[in-house]
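Okay, so here's the structure we're looking at.
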Amino acid sequence: MPPTFFAAADLPLQFSLFFKDEGFRPFAHLLFRKMNEGHVCIHTDDLAAEKDSLPEPYQETLSAGRCSPYHEKLVGSESDLRKPFVLHNNRLYLQRYFCYETTCVERIRRFAEEEKALLETRVEALRAQKALLEKLFATPTDGPNWQLTAAICAALQNFTIITGGPGTGKTTTVAKLLALLFTLQPGLRVALAAPTGKAAARMAESLRTAPLPDGLEALRENFEALSPATLHRLLKAQPNSPYFRHDAGNPLPFDLIIADESSMIDVALFAKLLQAIGPGTRLILLGDKSQLASVEAGSLFGDLCGALPYVNRFCREWHGLLNGFFPENAAPLPEDAVCDDSPHPLFRRVVTLQVSHRFKDDAGIGRFSKAIIQNDEAVLENFLTRNNDVQVFVDADHSKAVFENFIAGYEAFIQEPDILAALRKLNRQRVLVVTHRGPYGLSNTNSLIEQYLFRKGLLHPLMSHYENRPVILTQNYPDLGLFNGDTGIVRRDDKGVLRVWFEDASGGLHSVLPGYLPDAQTAFAMTVHKSQGSEFNEVLIRLPENENMALLSRELLYTAVTRAREKVWIQGTQSVIRTAAARKIARSSGIQERF
């Protein structure tokens, strides 16, 4: 099959042409393309389903029945990992990604094995602290206290996932859990991490400022000592290398690791984190399973959360055990939370928090975001046609007046002389976009905002780094203590030198010369993907006009809307919003089958 059939820029094709076996080439082509779309593997049945998307000669090969994923020199198996591809459970992987998945499955199984000998001791220690538990979780709830349930599960087990939508109390639950664990083990070594610096810093700030019941003030020092880090910084990324200093041979020196915004962690990074966790160390994953998956391959957090066909269910023994820790006047776990015991490694390890303390279910951002993720057409129609909600405003016309009224809010941080206060004012609002290109994309939106503020006499964007330019980093700078996702502003120091200023984990200021940050991008607007891990008081979302754009999905729209605490404006047609809510992202992986 001569390469003249194809365009030179078709990278999946160029990859597939590297292999001599014509019957294997269509599989190589599809795997390369799907991995670029975030899939970890492809199922062998996918080739027929994707026939129309294949190059015409490959369609002919498929129609002639000459395609096969089996190739003795190229394709190995679980017991033969010396080849570049692996076929397992009728799924074709690049060998490296099969190994990443294997690491995840095996390490999670080992968590369960490691805790067996500790479980009885932990139960007794927890029973001795029942009064403390009642004090920590004294706030009454209308139904079962899922925060208390999640905390008990995490205290007893070595691996726990706590998931829930915005405002359901994931960080609050962890704060109370830490108060309990610090009481049980005063010298507990804790690591806080997240995929981005902003998310890590926000978690640490929330934990440090979390209210503690009377009599526990002495624990405040433990919370103050918590130092957040990106996962790359925690694992100690090595410059120009895919490897980290912390690995199986040099495990992380912590008793407990808490990873926030876990939906953003790709399968490769998650595998490397698990490899670096030594025996006896607890791992708690926090995140919203409905958010966008990682930019890189995999949707591991969502796969783990969805590995069981039910949520918040326990065997009879654990149901009684958990209810035994509830206060006498509290609603117990209901009888329908009981199910048969299961050998599944994730059984009772995934707890979903179900009550939002930030948003109401019957109005505003809470109701709208729930309608998006469930594709509730009736509720969506109400928001789109009546447009009378105080928290959600839909602008189907992409009104210039709505846009400029929102971006006028950026004047506040520019006019603020104190740099730290200016940074915090900047982060009260943000414009979010879906794409980089196009009239409603990142480049044009940032340019429009710059032009507006220039006309107001507030900006002078005559060079790449101008005063009051907000920036976001798109790569890690471990030597500078800065990481992908960190946001800052350009201001002059007391000597008149332009520097980029960031708020550090302790709430202070950290600055570097702009020349050290060649990848810094203007951040009046940012993509929805980059906004994960951040929250703003108000958000304006600019959606593209093309409803068939592959990026549009319910996960993307949900993620964008839930970045706002108080109010969200959406500039997009009703058709685009309906289409996005109807399109669910599905990424192929073998993680659930392999459990």
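The figures that follow rest on heavy atoms only: side chains count, while hydrogens, waters and symmetry mates do not. Throughout, numbering of the chain's residues begins at 1 and tracks the sequence.
Within 6.0 Å of CD in Glu37 there are more than 12 heavy atoms belonging to other residues, nucleotides or ligands. Shown here is Glu317, whose CD atom has no more than 12 heavy atoms of other residues, nucleotides or ligands within 6.0 Å.
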Could you go through Ser588 and Arg91, starting from their C-alpha distance and side-chain angles, then the distance that decides it, and tell me whether this counts as side-chain contact (heavy atoms from CB on, under 4.5 Å)? CA-CA 9 Å; Ser588 293; Arg91 293 184 180 275; 4.1 Å; yes

Exercise. When you look at Gln157 and Ile284, which way does the side-chain contact (heavy atoms from CB on, under 4.5 Å) test go after all the steps?
Worked result: CA-CA 10 Å; Gln157 302 177 128; Ile284 299 173; over 6 Å; no

- Query: Could you walk me through whether Val539 and Trp569 pass the side-chain contact (heavy atoms from CB on, under 4.5 Å) check?
  - Reply: CA-CA 6 Å; Val539 162; Trp569 285 261; over 6 Å; no

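Comment: Glu547 does not engage Arg578 in a salt bridge, judged by the lack of any side-chain N to carboxylate O separation of less than 4.0 angstrom. Arg110 and Glu115 are not joined by a salt bridge, as no carboxylate oxygen comes within less than 4.0 angstrom of a charged side-chain nitrogen. Ion pairing between a basic and an acidic side chain is recognised when a charged N comes within 4.0 Å of a carboxylate O; Arg565 and Glu535 show such pairing. The existence of a salt bridge linking Glu205 and Arg208 is excluded, since no basic side-chain nitrogen approaches an acidic carboxylate oxygen closer than 4.0 Å. Ion pairing of Arg386 with Glu381 is absent here, as no side-chain N (NZ or NE/NH1/NH2) approaches a carboxylate O to less than 4.0 Å.
Between the CG atom of Asp303 and the CD atom of Glu593 there is a distance of 10.5 Å, given to the nearest 0.5 Å. One distance of note links CG of Asn323 with OG1 of Thr149; it measures 8.0 Å at 0.5 Å rounding. Taken from CG in Leu346 to CG in Leu304, the straight-line distance is 5.5 Å, to the nearest 0.5 Å. The distance from the CD atom of Glu261 to the OG1 atom of Thr196 is 7.0 Å, given to the nearest 0.5 Å. Atoms CG and CD, on Leu256 and Gln185 in that order, are 9.5 Å from each other to the nearest 0.5 Å.
A donor-acceptor pair is defined here as one N or O able to donate and one able to accept, closer than 3.5 Å; such a pair exists between the side chain of Arg563 and the backbone of Ser534. With hydrogens and angles ignored, the 3.5 Å screen pairs a side-chain donor or acceptor of Arg349 with a backbone N or O of Phe159. Looking only at distances, no side-chain donor or acceptor of Glu134 sits under 3.5 Å from a matching main-chain atom of Leu132.
Residues Tyr558 and Asp288 bring a donor and an acceptor atom of their side chains to less than 3.5 Å of each other. Counted by atom type alone, Asn312 and Arg348 present zero donor-acceptor pairs between their side chains at under 3.5 Å. Of the N and O atoms on the side chains of Gln291 and Gln532, at least one donor lies less than 3.5 Å from an acceptor on the other residue.
Between Leu557 and Ile577 there is a side-chain heavy-atom pair separated by less than 4.5 Å. When side chains are defined from C-beta on, Asn222 counts as touching Leu219, because their heavy atoms get closer than 4.5 Å. In this structure, Thr281 and Pro251 have side chains that are not in contact, with every pair of non-hydrogen atoms separated by 4.5 Å or more. Counting heavy atoms from C-beta outward, Asn145 and Leu333 have side chains that stay 4.5 Å or more apart.
Relative orientation of the Phe314 and Trp146 rings is parallel, given thresholds of 30° and 60° on the angle between their planes. Between Phe383 and Phe368, the angle of the ring planes lies from 30° to 60°, which puts this pair in the tilted group.
Here the shortest heavy-atom pairing between Ile108 and Pro345 reads CG2-CB, 4.3 Å. In terms of heavy atoms, Cys41 sits closest to Ser589 at SG-CA, 3.6 Å.
Figure legend: cation-pi geometry between Arg107 and Phe111, with NZ or CZ positioned under 6.0 Å from the six-membered ring centre and within 45° of its axis.
Thr102 is linked by a side chain to side chain contact (heavy atoms under 4.5 Å, CB included) to Phe98, Glu106, Arg594, counting only residues two or more places apart in sequence or in another chain. Phe254 pairs by the ring pair (Phe, Tyr, Trp, His ring centres under 6.0 Å) definition with nothing, not counting sequence neighbours.
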